[in-house]
> 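Below is a structure I'd like to ask you about.
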Amino acid sequence: MARVSQEHLDARRRQILDGAARCFARNGFHASSMQDVLREADLSAGAVYRYFRSKEELIAAIANEAFAGIRGAFEDAARTTPPPTPDVLLGRVLRRMLQEQVPGEDPQAFARLVVQVWTETLRDEQLATTLGEGYGGMRLAWAKLVDAYRANGLMAADVPADHVARTLIATAQGFIAQQALFGNVDVEVIEDGLRGLMSMSEPGAS
């Protein structure tokens, strides 16, 4: 019997995750069964269960991928000289995530999926751990980016880097919540809003 290549295995796993993401984004976690995921991915039960034993494992894998993508974008930015400003970076990351995370669906689908993950962590301890680790990783990545800003003379050193990181993460979370609840929230809104706030100075400052 011919050995299955790693490329084939990776492609099959991708097919399953993309199908599950579309299914969950449209119908929600609890209204979606594994049978729904099988139909969406157009695969047999044996093919899917080889990679994921349960719906919970699928949810955790989707959450981990989202965090890895966001964290990677931040870490890449920290290695750029000078690093992109927060408005540019957040816009770049949000735009990519909204467009790529749920193939074949509208940008609002990813936002709905993220909000569902947040809600699910209130009842699923394993997923809560995954979310906590992802959040911690993003805080570290943003803190490194703050260090890069300071090294390039773009940011003062009088506020702890972690405070800046948590504020910027909250901005991204707020945008995702607005997109999920109301839709039609352009990424340009966040970019322009941040740019406006960054332009402020204290009265009388030179």
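Source: prediction; values computed, not measured. Heavy atoms only: backbone and side chains are in, while hydrogens, waters and symmetry mates are out.
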> Can you confirm whether Arg139 sits close enough to Asp162 that some side-chain heavy atom of one is under 4.5 Å from a side-chain heavy atom of the other?
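Yes, at least one pair of side-chain atoms sits under 4.5 Å.
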> Supply the atom-to-atom distance Arg150 CZ to Leu145 CG, rounded to the nearest 0.5 angstrom.
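With rounding to 0.5 Å, CZ (Arg150) is 11.0 Å from CG (Leu145).
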> In the structure I gave you, are the side-chain heavy atoms of Trp142 and Val164 within less than 4.5 Å of one another anywhere?
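No, their side chains stay 4.5 Å or more apart.
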> Where do Tyr51 and Glu57 land on the side chain to side chain contact (heavy atoms under 4.5 Å, CB included) test, with the steps shown first?
CA-CA 9 Å; Tyr51 296 85; Glu57 285 193 3; over 6 Å; no
> Which heavy-atom pair separates Tyr149 from Pro83 by the least distance, and what is that distance?
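Scanning both residues completely, I find the closest heavy atoms to be CD2-CG, 3.4 Å.
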> Has Asp124 got a side-chain atom pairing as donor or acceptor with Glu120's backbone, closer than 3.5 angstrom?
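Checking the backbone N and O of Glu120 against the side chain of Asp124, no donor-acceptor pair under 3.5 Å is found.
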> Could you state whether Met155 and Val159 fall into the same hydrophobic cluster, counting links through intermediate Ile, Leu, Val, Met, Phe, Trp or Tyr residues with side-chain heavy atoms under 4.5 angstrom apart?
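Yes.
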> Is there a path from Val88 to Leu90 through hydrophobic residues (I, L, V, M, F, W, Y) whose side chains come within less than 4.5 Å of each other?
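In one cluster: no.
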> In terms of ring plane angle, is the pair Phe24 and Phe29 parallel, tilted or perpendicular, where the classes change at 30° and 60°?
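Correct class here is perpendicular.
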> As an exercise, state the distance from CG of Asn27 to CD of Glu40, rounded to the nearest 0.5 Å.
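Those atoms lie 8.5 Å apart.
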> How many angstroms lie between atom OG1 of Thr130 and atom CD1 of Ile62, to the nearest 0.5 angstrom?
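Between atom OG1 of Thr130 and atom CD1 of Ile62 there are 12.0 Å.
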> Applying a strict under-4.5 Å side-chain criterion to I, L, V, M, F, W and Y, I'd like to know whether Val189 and Leu181 cluster together.
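Different clusters.
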> Is the shortest heavy-atom distance from the side chain of Leu127 to the side chain of Glu56 under 4.5 Å?
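A side-chain contact under 4.5 Å is absent here.
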> I would like to know whether Arg12 and Leu43 meet side chain to side chain contact (heavy atoms under 4.5 Å, CB included); could you show each step before the answer?
CA-CA 9 Å; Arg12 182 57 55 84; Leu43 291 170; 3.4 Å; yes
> One thing to verify: whether Asp192 and Arg195 come together as a salt bridge, which I'm taking to mean a side-chain N less than 4.0 angstrom from a carboxylate O.
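Yes, charged N to carboxylate O under 4.0 Å.
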> Name the one of Arg14, Gln6, His8 that satisfies side chain to side chain donor-acceptor pair (under 3.5 Å) with Asp10?
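So, applying the side chain to side chain donor-acceptor pair (under 3.5 Å) to Asp10 and each of Arg14, Gln6, His8, only Gln6 qualifies.
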> Would you say Glu191 and Arg92 make side-chain contact, with heavy atoms under 4.5 Å?
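Answer no - side chains too far apart.
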> What are the two closest heavy atoms between Val48 and Met34, and how far apart are they?
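Between these two residues, the closest heavy atoms are CG1-CE, 3.8 Å.
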> Verify side chain to side chain contact (heavy atoms under 4.5 Å, CB included) between Gln173 and Gln178, making sure each step is shown before the conclusion.
CA-CA 9 Å; Gln173 290 172 325; Gln178 287 186 32; over 6 Å; no
> Do Met138 and Leu140 share a hydrophobic cluster, counting only Ile, Leu, Val, Met, Phe, Trp and Tyr and linking them when any side-chain heavy atoms are less than 4.5 Å apart?
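Unlinked, Met138 and Leu140 end up in two clusters.
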> Any sub-3.5 Å donor-acceptor pair from Gln15's side-chain atoms to Ala11's backbone N or O?
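Not at all, since once roles are kept as given, no pair shorter than 3.5 Å links the two residues.
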> Test Leu89 against every option in Asp87, Val93, Thr85 by the side-chain contact (heavy atoms from CB on, under 4.5 Å) rule and name the one that passes.
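Of the listed residues Asp87, Val93, Thr85, the side-chain contact (heavy atoms from CB on, under 4.5 Å) partner of Leu89 is Val93.
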> Say you draw a straight line from OG1 of Thr171 to CD1 of Ile176; how long is it, rounded to the nearest 0.5 Å?
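Spacing of OG1 (Thr171) from CD1 (Ile176) equals 11.0 Å.
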> For Ala148 and Asn152, work out which heavy atoms get closest and say how close.
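Where Ala148 meets Asn152 most closely, the heavy atoms are O-ND2, 2.8 Å.
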> Quick check: is Val146 connected to Leu197 through a chain of hydrophobic side chains (ILVMFWY, heavy atoms under 4.5 Å apart)?
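Different clusters: Leu197 never reaches Val146 through Ile, Leu, Val, Met, Phe, Trp or Tyr contacts under 4.5 Å.
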> Can you see which heavy atom on Asp186 is nearest to which on Phe175, and at what distance?
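Scanning both residues, the minimum pair turns out to be O-CE1, 3.7 Å.
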> Using modelled atom types and a 3.5 Å cut-off, is there a donor and acceptor pairing between side-chain atoms of Arg112 and backbone atoms of Ala25?
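Answer holds: yes.
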> With the side chain counted from C-beta on, respond yes when Trp118 and Val114 share a heavy-atom pair under 4.5 Å apart, and no when they do not.
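They are in contact (side-chain heavy atoms under 4.5 Å apart), so the answer is yes.
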> Can you give me the closest heavy-atom contact between Ala177 and Val115, atom names plus distance?
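Scanning both residues completely, I find the closest heavy atoms to be CA-CG2, 4.3 Å.
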> Measuring from atom CZ of Arg39 to atom SG of Cys23, what distance do you get when rounded to the nearest 0.5 angstrom?
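Rounded to the nearest 0.5 Å, the CZ-SG separation comes to 8.0 Å.
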> Atom CZ in Arg22, atom CG in Leu17: separation rounded to 0.5 Å?
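Taking CZ in Arg22 and CG in Leu17, the distance rounds to 11.0 Å.
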> Would you name the heavy atoms of Asp36 and Ala31 that are closest together and state the gap between them?
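Minimum heavy-atom contact is OD2-O, 3.6 Å.
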